Student: 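Structure incoming, see below.
As a basis for the values below, the full set of heavy atoms in this structure was taken, side chains included, without hydrogen atoms, waters or symmetry mates. What you see is a predicted model; the values in this text were computed from it and never measured. Throughout, a chain's letter reflects where its sequence line sits, starting with A, and its residues are numbered from 1.
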Amino acid sequence: GQSSAQPPGAPREVRIGVVSFLSGPAAPHSGIPSRQGAQLLIEALNAGEVPRPYNTPGIGGVPIRAVYVDEAGPVDKQVTEFRRLVLDARVNVVVGYISSANCLAIAPVAEELRTLTVFSVCGIQRVFEDADYKYVFRTRAHQIIDALGIARYVLLVKPDLKTIAGINQDYAWGRDSWATFKETILQLKPDVRVVAELWPPLFSGEYSAEIARLLAAKPDVIFTSLWGGDLESFVGQATPVRLFEESLVAMTVADNLLVPGPGRFVPRGIVFGARGLYGPLTPETTLSRWFGGRFRARYGYFPIHDPFNYANSILGVKAAFEKAIAATRRWPTVEEVVRAFEYLEFEGAAGRIRLALGNGHQAVEPVGFGIVRSFDPTKREVTLERVIRFRVECVNPPAGVKSLDWIRRGFPGAVCP
Amino acid sequence: MQWAIVLLLAIVAPLLPGWTVFLLSVALAKALVVLGIGLLMRGGLVSFGHGMYYAAGAYGVAFAMKLMGIREALVLAVLGLVAGGLLASVLGMLLARYRGLFFAMLNLALSMMVYGALLKFYWVTGGTDGMAVRQATFGGFVPPAGLLRVAYFYLSLGVVAIVVSMAHRLVRSPMGYLLRALRDNEVRVNYMGGWVEQTIYRVYVLSGGLAGLGGSLVVLNVGHAVPDFAYWSQSGEFVFVALFGGYGHVLGPLSGSILFEFVRSYAYKVSPYTWQLLLGAMLALVILFLPEGLWSLVERRMARRDRWGWSWRPSS
Amino acid sequence: MGVVLETVELTKYFGVVKAADGISVRVEEGELVGIIGPNGSGKTTFLNLITGYVRPARGSIWYRGKDITGLSPRVVTRMGIARSFQIPQLYGGLTVLENMLVALAIRAGRSGEFWRPLQEDARLEEAMQTLSEFGLEGAAAQGVSSLAEGERKLLDVALSFALKPRLLLLDEPTSGVSVKDKFEVMDRLVRVLKSSGVTTVFVEHDLDVVMRYAERVLVFQEGRVIADGPPGIVLSDAEVKSAIVGTG
Amino acid sequence: MLEARGLSVRLSGFSVLRGISLDVPSGKIVGLVGRNGAGKTTTLRSIMGLIPAVCDQLTLGGEDLSALPPEGRARRGIGYMPEDRRLISGLTAEENILVPGWALGLTDASERLRRIYSLMPAVEALAGRTAGQLSGGQQKLVALARSFMNGRRVLLLDEPFEGVAMGLAQRMAEAIRRFQEQELDLGVLVAESDLKRARLLAQKVYIIERGEIVGEE
Amino acid sequence: MTQLALIAVGGLFSASWLFLVSLGLTLIYGVLRVLNVAHGSLYALGAYLGSSMVLVALEKGHGVPVSYLILLGAALLVGLSVGPFLERVFLRRIYQKEEVLVLLLTFAIFLMLEDVMKLVWGVQPYVVNAPYVALGVVKVGGVRQPAYPFLLTGIAVTMGGLVWAGMARTRFGKLVTSVIEDREISAALGVNVPRIFTGAFTVGAVLAALGGAFTAPMISVVPGVAVEVIVLGFAVVAIGGLGSIEGAALGSLLVGFLRSASVHLFPELDLVAIYLVMALVLLFRPQGLFGRAEMRRV
Ligand SMILES: Nc1ncnc2c1ncn2[C@@H]1O[C@H](COP(=O)(O)OP(=O)(O)OP(=O)(O)O)[C@@H](O)[C@H]1O
Ligand SMILES: Nc1ncnc2c1ncn2[C@@H]1O[C@H](COP(=O)(O)OP(=O)(O)OP(=O)(O)O)[C@@H](O)[C@H]1O
Ligand SMILES: [Mg+2]
Ligand SMILES: [Mg+2]
């Protein structure tokens, strides 16, 4: 009754700009799955088919209209498109962004235009650690959890590890990931030696020299934050020479390998990360069962982290709006939505999301890893063994502490297994 | 002619929707880079590396704000000009010896090394995440939010108006003609006692400065500097726009830049999946059917009007 | 009367081709020297050597007592030596008038000027005047790429003449210029050159032209000067005759 | 052999040729004489198909040429020597001469080359040298030799003796005459600015002035 | 010792690949004076078609050995169909214009083909590495190395030899030289200019597609593979001297070995290695290693 009726002052539709890579090398593994997740969820929301607590149609009974935008292109292009979304396409909310640089560039613009903007995938901690924003939120944890978590994981499964090596793309994500991993390992086990730090350029695709070097160096653990096509090329070239048997290879974005496409596989014995509890690590909840099932039925594979992240952003928007509506009993202003959004804790598509950091704008999440025992290419599923999940308090710094400082100071306040 | 256009832009700008004003500001700022590249192209020199000067301007602004706390828009713009010009005056000493595709490729190589440096020294430059640039002040004041974009727009417009009119003078001056002359026949220039390298060097530094100026204005508008500014595809885009608009006339780069930004934004809007197809097709059409650039349309029109005017005179 | 130009044992081989094989020549102030010789005998190369376009393997070049060996064409030109070309060297994208204006602007040392227009009144006037001396005033507004070959040739000569050099080197100035215009143009050119005391060296195949205008003739063969003297005497020399008419 | 009637050319608004008519009968050398800018080069180029021309008739041995592209005209046996030499500077002199032979797949190319060398021994001496490095006159010579390669029915020679020393010019003229004797029904059209020299070589001379034929002798 | 061996082998692999990628580029530049940005697209087309054809063949139960022939076939198919199409529809119209203009036209073609490929093959990644895996591994200095790159080396050497012989030794090569230098006079001498252009561009297109098709088994074929290839190819070609096949070979070796060495000795340099080589070479030999400095005849 009450819940499906529109509040007074409601517009005819809520327009949401959805930004992700629709072209270029980041599209197949990240941009397109993201868009798929967003589209599926928005359609289901409008039809009122999402399970509780999101079973009311649209947002506050108002249907959602999505405007999809390509994230590919230079940063000035992104800023222009953001402005066009807000000022020309008149969207009420912008959701998305995968590239960290774009998130950093968009945040101040969102403030200027007073537009509720919810980042979905980008992970750079600087967004909320170096600045305060009012209209900008991020419904996923920052990237620290991946590299930090996987470092803790390898120390647990291979406590006697002596040497590590890293192969990471030569750009911010690769640099940050490696720094986090290395710092964490050295913090927790100072006698570990780093035997190789390799920096292939982004999208280089040809890794025979790097692989030879890694084989020759024989490190106990190899850390990599490669993703997308680069990761697949690496896996394809490393498998025949049995790199994954020589060293324990830890991949933070291994779930990229599950995106459908011919001939692709997940090697056995690697440490599998999915940037949170997604993909094969997804916890069983009503929503995750529904979303995963729907997604698989429609797109032929179980959602990896990107579709979940986009879905979470949209669910967060809905939760915030409806919280504000409940408080004001009419259609809320953007400031009221923002106030409702801050420190919000809502049911995400794969477990609860808590906006605990950055003055209530930045989510914290648990993370988990496992070792691949087998891979089923038809269902595109892996079976993991030795799965360990790290709770939020283990891998996220406390509020007000910068991630890197937190690591360097020895994780004060961390609660870990 | 150019003043009429400037006036027109100045008057209509505040009436346009907000994102258009922003788009115009960015397009105007980029037009400066394109203009500089167009000047070089008049001398037969195509640079596929001007992104580095563009980046120099942008990062110049970012560092000036971060390290020196300078926030005055005009000062920052001039700083961008100086940053681009300085870098160009160093590299130009080397590049002035090169012609043709080697000039193009060496520029590309150098700009990719600048790109690499911006990436490598990530602890200073922020790597690919880039550097944020805060709002600038105008005469010490921060314009209210509603007027900020318009202020930036007028800043860009003012700078462009000055630069375009200077460029207009330049292309008709001895130096401008010498540039065209050396493109046609360097041997003859030498045998007239003209100094080819020096002319190229001067124009190169000038175009580097303009690229820096453009970079500083863009980054003030956009608010974020990233290494991609120095990436080869950005440089390629500038060259493209120079041809798209037509570098034969100083207004070509200006109109080309504005049109290109709108076309691209339009393509993003109407077909977010296949904007490249749309953009590519449009560009191919322009190249195939208007190889002198869009501005040649205008010139053809004006030429026709002239002839028409003639026919009114009594025949002798 | 001083020595304007002196070359000492200039030598340049291109592979086995002896383009210059020890050329020692002296040109006095105000002289009008013609160079003849079979095709490929090194005439153009001689001019290229003097102006620094080609560096000699051996030997030296002196201009008004200064050693100019190895200096670049630009520097040499700045010192007052201008040349025209066998194959016209023009600015294909500019009009005839603009070609001339560029020459005048560079001569005046104004090539770095970027705030005043090229087409200043005074400069325009001089340009038109120079063009009309070569019968090109009618083609002033025409793009040079559409000129007939003879007109291109004339413009090429006009451009070097416009530099007001003290030593003018002309490479086949009238080849391609039709017979009717040839003498007319040469008459005028020589008159001006003489009256302003410009020393001139010109390469020519047309013996009528050489006979009529040259005060002294150098005969080239296989990179060497085989005869040097007044045209009447040189051209009746048997060896010269066989060189000019004989092997080629 | 070659007949042109009412050949007109307009270039960037100027009427450069106005109704030129001329005949180049087989076995004859015909001169086309005029001052600079009279339109000699333009005439030859338009016969070769290098510039668009309007004409009432342009035939070679009765066959209409006007619709053929330049290479088609070359295939019909028209050899062309441009005024400004236009050798391919990256190839050797001999390769330059062979280009028409290769392009048209002439089976007798090497035989013709031998004949050309025997007509012009001076060319053979340059055979192996890179064309771009030859002196101006040497290039003229090679360009003439090249026109012989496929000039079986008509030769179009544009000021062939310009910039050529006297002795060589005489030998070139001699070579043209002898070549014509060998190629039985060859017609030659020579553009010249010197009436005297044209008279020496040609059996018939057209006088061209400002794009029009104003006389013949 | 092991390290040296690894650097050498890695350098050879890298060089083979680079050479394969840049050969067609240098050919088309040498022949048409076109710096062909669409080269990357042809490479990507070769990669996509190669992968999908091999995939179909494997599904139909054909053995892996056939797949090498299929890759070759895919490259020929792409080159022989798309090459002439692009040349006739686009490039032919503007050869007489400036080099940059043609370059930018190929850039426009590149943009269009990016999306055309997306429409045909979708955005899903293709990993078809059976041909890569099937060749097994060899040991170098005690370290396992894939054998497939040796196949690349073989193909690179063969193709390089064929193209070099074709250009330097044949009449076709000479006619092409003539057409490039002076289109008009070539036509007047009887050269069928359009046919020469189509022919040359098609050969270049086949080479580009070949590079893509044989790279495909090593990598994940995704949108955007075209982009990286272009700059790398350009850099190699510029280092070697535009239009020079020997130059491209030497350029590939230089870059390949430097990259391989940097991975082993100073990984930080990997990203800029190629540009470093390029800048250094161009500084000391502006015309590239094998480029000819041309002096204008006056
Ligand atoms: N594209 C063009 N636009 C305008 N005028 C042109 C063009 N091409 C040629 N002309 C003019 O046409 C006239 C004829 O030129 P052409 O080259 O045929 O003369 P020519 O008789 O061969 O002279 P020359 O003996 O000097 O070679 C010249 O006045 C020339 O300026
Ligand atoms: N750059 C060069 N490389 C190789 N050979 C050259 C070069 N320049 C000139 N030559 C050769 O040197 C010789 C002399 O050439 P040059 O041009 O000086 O002759 P020329 O007397 O001017 O002849 P012409 O009367 O035909 O113009 C010729 O055999 C020519 O081929
Ligand atoms: Mg000469
Ligand atoms: Mg002529």
Student: Could you look at B:V171 and say if it's the side chain, the backbone, both or neither that has a heavy atom under 4.5 Å from chain C?
Tutor: neither

Student: Which atom names give the shortest non-hydrogen contact between B:P174 and C:P117, and what distance separates them?
Tutor: CD-C, 4.1 Å

Student: Let's test your reading of the structure: which of C:L104, C:T77, C:V76 forms the most heavy-atom pairs below 4.5 Å with chain B?
Tutor: C:T77

Student: Is it the case that more than 12 heavy atoms not belonging to C:M128 sit under 6.0 Å from its CE atom?
Tutor: yes

Student: Between the main-chain N or O of C:G93 and the side-chain N or O of B:D184, is there a donor-acceptor pair closer than 3.5 Å?
Tutor: yes

Student: Between C:R83 and B:R188, which heavy-atom pair has the shortest distance, and what is it?
Tutor: O-NH2, 4.1 Å

Student: Answer whether the closest heavy-atom distance between the side chains of B:L182 and C:Y91 falls below 4.5 Å.
Tutor: no

Student: Can you label the angle between the C:Y53 ring and the B:Y191 ring as parallel, tilted or perpendicular, going by 30° and 60°?
Tutor: tilted

Student: If you define the side chain from C-beta out and look only at heavy atoms, does anything of B:Y177 sit under 4.5 Å from C:E98?
Tutor: yes

Student: Are there residues of residues 148-169 of chain C that reach to under 4.5 Å of chain B by heavy atoms, and which ones?
Tutor: C:D156, C:L159, C:S160, C:L163

Student: So, do C:L90 and B:N185 sit near enough that their side-chain heavy atoms are less than 4.5 Å apart?
Tutor: no

Student: Can any side-chain N or O of C:R74 pair as donor or acceptor with the backbone N or O of B:W195 at less than 3.5 Å?
Tutor: no

Student: Is it the case that over 12 heavy atoms from other parts of the model lie below 6.0 angstrom from the CG atom of B:L74?
Tutor: no

Student: Please list, in residue-number order, every residue in residues 106-115 of chain C that has a heavy atom less than 4.5 Å from any heavy atom of chain B; write 'none' if there are none.
Tutor: C:I106, C:R110, C:S111, C:G112, C:E113, C:F114, C:W115

Student: Quick one: what part of C:A82 sits under 4.5 Å from any heavy atom of chain B, side chain, backbone, both or neither?
Tutor: neither

Student: Give, for atom CD of C:Q119 and atom OG of B:S173, the distance between the pair rounded to the nearest 0.5 Å.
Tutor: 11.5 Å

